[in-house]
Amino acid sequence: MEVEAGAGEPVHGSDNPSLGPQDSTTSVLELTVDEVIEDYVGSFGVAQILHILLASLAWIFDAQITLVTIFTDAQPKAWRCKVPGGAGDGCAGDGSGPVCGLKPGTWEWIGGSSSSIIAEWDLVCDRKFLAAVPASLFFIGSFLGSAAYGRLADAWLGRKRTIMVACVLTSATTILTSFSPNVWVYAFLRLANGLVRSGIGICCLVLSTESVGRKWRGQVGQYGFFFFTAGFLSLPAMAYPTRSNWRNLYRIVAALPLLYSVFLLPLVSESPRWLQVKGRSDEALAVLMHLARLNGKVLPQNLYLSNPSRNTTHEGTRDGVGAAEVKPNRSESIWRVKWAAWRMVLLMLAGFGIGFVYYGIQLNVENLSFNIYLSVGLNALMEIPAVFLGSLLLAFTNRRLLFSQTAIAAGLSCLLCIIFSRHHRAPHDNIKHGGIGTAGNWAQLVIEGISFMACSIAFDVLYIYCVELFPTNVRNFAVSMLRQALMLGASVAPLLVAVGRMSPSLSFLVFGVLSIFSGCLSLWLPETRNAPLYETLKQQQEEEKLGRSSGLELGK
C-alpha cells in the first residue's frame, strides 16, 4: 500500500543509512511487519539464526531448574545396617527391602544422608508422600506464574525484558533453595522457583518465532526445544559429581541463568511485532533494519510500518507522513471472543494431559529397574530425534494431525509398558547396585523411550500450534495459558510417581489414557499450517471469516 507524502515533508526513516536509496517519488510504502520480513528482511537468514540461538539458550536453564528434582528428590536405592549382622539391634536384611520396620539409628542409606532430600529428611514409609510435595508445588508455582508473565510480556515489559526478570529471579530462588533447613522450607522455595521461572520458556518461544517468516515458524519453535533437550541431557553430567550432596547441584544450576542474563541476553533484539502492536513503530523498524543488515539486505527508504488494528487513535505525526503515534486497543481479550475462548479451552485441556504425561514420564524414571543416571540420559537422548523428527514433519505435515497422532502413539506405548511393569521387584535384581536390569527391563525401557519421544514431539508441536492459533496482541497470553495447563498437569504427576513406587503399572495406565484423550481433543481445532500471523483478534476474526466465505480452511 502506498500513501502520498505532502510537499516538503520528510519520509519516515529517511536519515537511516540502513534504508535503501529514496525513490524519485515521495510515496510511502506501507507494509505490515510480516510483509517486511517476508519481502525484504528474509524469512530465515543469518540474523534470525543468531537471534534464535541467543534467545533459545535460556531453555537450557529452564530444563535444568524444572528437572533437577529427578536427582535431588530421588529415593536412594539401597541401605545398610550400621553394624554388620546386627539383627539383634533390629537391623536385618540385604539392603534392598523396605526400611519401615527397622529401628531408627540402626541403618543408613548407601551414599550418605545428604545424597537427596529423602535421605536427609527421612521421607520414607509414612512420610513418603511428603517427597512428592516439593515437585508438585514447583509445577503449581509455574501454573500461577505463567498467567502473570504472559500479561507482563504482552502488555508491559515485552518479551526480552520478561526473560531478563525471569532469569534473575530464577537464579536467586534457586540459590536460596540450596540452603533449605527442612522439607517445608524446601517445598515453599520450590513453589517460588516455579513461579519465577515460568516466564523463560514462554518468552523464548514467542521471541524466536516472531522474527522469522511464516514457513519457518514450526521449525524455529522446534529448535528452541532442542536447547531444552540440551539442558535435560546436561543434568546427569552435573548430578553425578554432586551425588553425595544435593545442595551443590542447586548451586551449580543457579549460577547459569544469572550469567546468561548479564552477558548474552543484552545482545538479543526485542520482537518487532510486539513493538509495532504497542505503537513503537520507530523501534520496530530499527529492529527490522538491524536484521536486514545482518542478512545483507536493505530496506526501502520510503518504508512505513502499518498497524492492522481497526481500533486505534492517532495523535499528531512523528517523523513526517504516516508516522502517527498509535495507541492500540487494549480491551481485546481471548475470553471475550467466543471462537478464541473455545480454542483456548481445548488447547488447555489437551495441554493438561500432555503436561501430565511429559513430565510424569521423566520423573517416573526412578520406578524403572535401571541406574537412574543411565535412565535419565537415555530419556534425554530420545528428545534429540524427537526435535529433529518434529522439525521435519512440521515442514510438510498439518499441525493438528501431527499433534493428534504423536499424542495417541505416546499413550499406546505407555499402555504397552504395563506388560513389563512388575508390582514386586525380585531381590536378585541388580537395582540395589545401580545395575541395568534384565532383558524384560530393557524392553520396558525401550518402549518407555519411544513413548517419551512421541510425547515430546506432541509437547513441542502443541506450543507451535498455540503460537499460530492466536494473534500478536494476545499471543504471549495464549502461550502462557497453555503453559498453565501444562504445569497443572505436571503438578499432579509427582503424586502418581509416588504411587508408582508401589504399583508401576498404574502410573503407565494413567499416562496412556490421558495422552490418548489429549490427542483426540485437537481434532476440534482448525489447521494453521502456512497461515499468516495476525496482529489483533479483530483482524484475525475478519480474515478467517473471509477465508471461510471463500471456501478455504484456515492455513490452506
Counting N and O atoms only, with roles assigned by atom type, does the side chain of [X] sit under 3.5 Å from a partner on the main chain of [Y], one being a donor and the other an acceptor?
{"X": "Arg214", "Y": "Ala531", "answer": "no"}
{"X": "Arg127", "Y": "Trp121", "answer": "yes"}
{"X": "Thr174", "Y": "Thr170", "answer": "yes"}
{"X": "Ser56", "Y": "Leu53", "answer": "no"}
{"X": "Ser456", "Y": "Phe452", "answer": "no"}
{"X": "Ser404", "Y": "Arg400", "answer": "no"}
{"X": "Tyr250", "Y": "Leu176", "answer": "no"}
{"X": "Thr72", "Y": "Ser116", "answer": "no"}

Report the residues that fulfil salt bridge (charged side-chain N to carboxylate O under 4.0 Å, His left out) with Arg483, sequence neighbours left out, ordered by chain and then residue number.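 Applying salt bridge (charged side-chain N to carboxylate O under 4.0 Å, His left out) to Arg483 gives Asp62.
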Under 3.5 Å, is there a donor-acceptor pair linking the side chains of [X] and [Y]?
{"X": "Thr536", "Y": "Asn473", "answer": "no"}
{"X": "Trp246", "Y": "Glu120", "answer": "yes"}
{"X": "Arg197", "Y": "Ser142", "answer": "yes"}

Please determine whether ring-ring contact (aromatic ring centres under 6.0 Å, His included) holds for the pair Tyr240 and Phe71, giving the CA-CA distance in whole Å, both sets of side-chain angles, and the decisive distance to 0.1 Å. CA-CA 9 Å; Tyr240 189 76; Phe71 299 101; 9.7 Å; no
What heavy-atom pair brings Cys520 and Ile408 nearest, and what distance separates the two atoms?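 Distance-wise, the nearest heavy atoms are SG-CD1, 4.4 Å.
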Residue pair Gly145 / Ser198: nearest heavy atoms and the distance that separates them: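 Nearest pair, atom of Gly145 first, then Ser198: C-OG, 3.1 Å.
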Quick one: which residue pairs count as a ring pair (Phe, Tyr, Trp, His ring centres under 6.0 Å) with a foot in residues 389-408, not counting sequence neighbours?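 Not a single pair qualifies under ring pair (Phe, Tyr, Trp, His ring centres under 6.0 Å).
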With side chain to side chain contact (heavy atoms under 4.5 Å, CB included) as the criterion, how do Thr406 and Val461 come out once you've worked through the C-alpha distance, each side chain's angles and the decisive distance to 0.1 Å? CA-CA 9 Å; Thr406 51; Val461 170; 5.6 Å; no
Side chain to side chain contact (heavy atoms under 4.5 Å, CB included) between Val268 and His51: does it pass, once the steps are laid out? CA-CA 6 Å; Val268 179; His51 175 80; 3.7 Å; yes
Determine the interplanar angle of the Tyr358 and Phe459 rings, folded into 0 to 90°, and report it as parallel if under 30°, tilted if 30 to 60°, perpendicular if over 60°.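 If you compare the ring of Tyr358 with that of Phe459, the planes turn out parallel.
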Using the ring of each side chain (for Trp, its six-membered ring), is Phe356 parallel, tilted or perpendicular to Phe352, with breaks at 30° and 60°?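 Judged by the thresholds at 30° and 60°, the geometry between Phe356 and Phe352 is tilted.
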Among Glu210, Arg475, Lys160, Lys278, which residue satisfies the side-chain hydrogen bond (donor to acceptor under 3.5 Å, both in side chains) criterion with Ser271?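 That would be Glu210; it is the only one of Glu210, Arg475, Lys160, Lys278 passing the side-chain hydrogen bond (donor to acceptor under 3.5 Å, both in side chains) with Ser271.
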Going by the side-chain contact (heavy atoms from CB on, under 4.5 Å) test, name the single residue among Glu544, Lys538, Glu543 that passes it with Gln540.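 For Gln540, the side-chain contact (heavy atoms from CB on, under 4.5 Å) check succeeds only for Glu544.
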Residue that, paired with Leu509, satisfies side-chain contact (heavy atoms from CB on, under 4.5 Å) out of Leu514, Leu415, Leu496: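 Exactly one candidate clears the test, Leu415.
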Between Tyr186 and Thr177, is a side chain to side chain contact (heavy atoms under 4.5 Å, CB included) present by the stated rule, with each step listed? CA-CA 6 Å; Tyr186 177 77; Thr177 304; 3.6 Å; yes
